[in-house]
Amino acid sequence: MSAPAHAATQPAGPTAPLTAASLTQRTDQVAAVAAEHLARTDRDASFPVEALAEMRRTGLLGLLVPTAHGGLGGTTEDVVTASIALGRTDMSVAMIFAMHCQQVAALVRYGNQQLRDELLPEIAAGRVYLASVTTEAGKGGHLLSSESALTARDGELLIDRFAPIVTGGEHADGFLVTMQSPPPASPHQVSLVYAHRDQLTIERSGDWQPLGMRASHSVALRLTGTVPAHHVVGEHGDFRTIVTTVFAPMAHLGWSACWLGTAAGALSRVIKLLRGPQSRGRVNLDSELLLTRLSRARQRIETVHALLAHTQQVVATADDLSVPRVQLLLNSLKITAAEECHQAVDGLIDAVGMRHGYLKDSPTRLEHSLRDLRSAALNYSNDRLHLVDGKLALLDAEVRLA
Amino acid sequence: MDARFTELLTPFLKFLGEQEITPDASLRELGLDSMQAIELLFAIEDTFGVTLPDDDMNDATFATAGSLWTVISAAMDAQGVDGTRVTAA
């Protein structure tokens with residue numbers, strides 16, 4: 001991807017070629033719509049339908065779809081760039097986008113020819129927003145097991161699946177669902193299956209009233225229905241390969257990018273407030289406490305940015321992502337981004353105090369960002385990742401760094 | 001595959017049931033959990049007296065009983081171990 005000599009003046013649509021400038025233009029357009037509605041979607045815990053419509057219109061939903069299938073042909077790096085950009089304005093919108101891209105990446109790499117030919121052009125055209133159904137009652141966020149068995153019958157696959165948390169589940173046009181492979185033998189034999197909304201009966205249960213990430217509208221759903229046999233993504237029982245090569249790297253890179261964007265956006269709004277005319281003579285910019293707090297926030301953001309860039313590079317070039325040193329790097333990125341981005345915003349609240357740090361109506365929106373970022377450590381729990389990393393560390397006696 | 005190898009594997013495979021462990025048996029599907037990898041390595045070290053190289057700590061090695069046995073056999077050759085039980089120093 002290279003930058004053009006001049007930026008396009010027309011609004012970017014799904015057909016404009018992908019360049020650094022056109023990607024920025026697309027994310028700017030989505031961010032502008034998100035900004036217009038974020039006070040309401042946060043207050044009402046409602047899905048950002050307007051921002052999603054703009055993602056459809058600008059072609060951003062098809063960022064990872066190859067150009068041969070009508071998409072923008074973007075890379076993981078483009079997803080990271082776009083997620084940071086969207087996160088600066090609204091973390092819920094950014095996460096909705098990043099998680100959709102994770103699903104698309106799995107389809108592009110592991111979908112069979114028929115499924116790719118049917119589905120990818122629809123995604124590229126902005127007609128299919130994908131949600132992920134991997135959570136299951138009683139197993140936490142553990143991806144690699146499922147107690148719900150998929151049934152194969154007469155060339156079709158029967159889905160009956162309850163999931164306690166499906167981000168955007170009420171608005172998704174299609175779902176990628178993990179289920180135990182047919183015939184049922186072991187909960188460790190997991191398959192990934194695509195189901196279009198009109199192939200499913202969808203029952204919602206419960207309400208969505210969280211602390212933060214309120215616009216992500218992550219509801220509990222029961223999905224039942226029948227899909228053709230070719231809707232299995234990858235080999236039956238081989239979801240692990242998809243997790244190692246696509247799902248986990250895309251999740252950790254994408255989430256970290258969203259969180260980094262959220263922290264960077266918060267710092268940017270604080271700096272603009274401090275430099276604004278209304279602060280002249282009222283804020284002491286020589287305050288050593290203020291300067292140190294700004295420096296600490298910036299330092300945390302720089303740390304996450306550097307780790308994200310390095311991990312992205314390793315993922316793009318490593319031959320085998322399953323080795324401990326790469327897994328440890330990916331997990332460290334997630335844990336570090338979750339902690340540092342949250343702490344950066346928490347520190348900014350101390351920096352600016354009650355009026356602009358704690359009240360909802362401050363233009364810094366620190367209160368909103370802090371609530372959103374509190375989810376980062378829980379979204380695939382840092383505690384669980386530390387246990388995995390401890391075991392992985394034991395496997396790497398030489399401590400070889402990726 | 002060595003009989004001692006299938007014997008040491010069995011406790012890690014909670015979905016094995018009455019099946020016999022064949023070289024193409026998927027260790028993950030039979031219940032091997034990545035959280036048990038270090039315990040499995042200890043069992044291999046104690047039984048065969050070899051340490052598996054760090055480079056082999058990947059999904060391909062732990063894919064099937066056969067792939068793991070291949071790595072163990074190669075390590076025994078490379079480390080000049082004949083596979084008889086070693087006693088701890």
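A quick note: this is a predicted structure, and the numbers were derived from the prediction, not measured. So you know, we letter chains A, B, ... as the sequences are listed, proteins then strands, and number each from 1.
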J.: Could I get the full list of side-chain hydrogen bond (donor to acceptor under 3.5 Å, both in side chains) partners for A:Ser218, not counting sequence neighbours?
T.: A:Thr167, A:Ser216

J.: With sequence neighbours left out, what residues match A:Thr244 under side-chain hydrogen bond (donor to acceptor under 3.5 Å, both in side chains)?
T.: B:Asp59

J.: Can you tell me how far apart CG (B:Asn58) and CG (A:Leu321) are? Round to the nearest 0.5 Å.
T.: 11.5 Å

J.: Heavy-atom cut-off 4.5 Å, strictly under: side chain, backbone, both or neither for A:Asp320 against chain B?
T.: side chain

J.: Assess whether side-chain contact (heavy atoms from CB on, under 4.5 Å) is satisfied between B:Met35 and A:Lys391, documenting all intermediate values.
T.: CA-CA 6 Å; B:Met35 295 298 276; A:Lys391 290 281 188 179; 3.8 Å; yes

J.: Looking at side-chain heavy atoms only, is the closest gap between A:Ser322 and B:Phe62 below 4.5 Å?
T.: no

J.: If you measure from CG on A:Leu394 to CE on B:Met57, what distance do you get to the nearest 0.5 Å?
T.: 12.0 Å

J.: Going by an N to O cut-off under 4.0 Å, is there a salt bridge joining B:Glu29 and A:Arg240?
T.: no

J.: Would you say CG of A:Asp319 has more than 12 non-hydrogen atoms from neighbouring residues, nucleotides or ligands within 6.0 angstrom?
T.: no

J.: Less than 4.5 Å to any heavy atom of chain A: does that hold for the side chain of B:Ile38, its backbone, both, or neither?
T.: both

J.: What part of B:Leu32 lies closer than 4.5 angstrom to a heavy atom of chain A: side chain, backbone, both or neither?
T.: backbone

J.: Under the criterion side-chain contact (heavy atoms from CB on, under 4.5 Å), I'd like the reasoning laid out for B:Lys14 against A:His188: C-alpha separation, chi angles, the key distance, then a yes or no.
T.: CA-CA 11 Å; B:Lys14 57 180 177 281; A:His188 289 226; 3.9 Å; yes

J.: Is B:Gln19 close to chain A through its backbone or its side chain, or both, or neither, when contacts mean heavy atoms under 4.5 Å?
T.: neither

J.: Is atom CD of A:Glu77 surrounded by more than 12 heavy atoms (other residues, nucleotides or ligands) closer than 6.0 Å?
T.: no

J.: State whether A:Arg400 and B:Asp55 are salt-bridged, where the test is any N-O pair (Lys NZ or Arg NE/NH1/NH2 against Asp/Glu carboxylate O) under 4.0 Å.
T.: yes

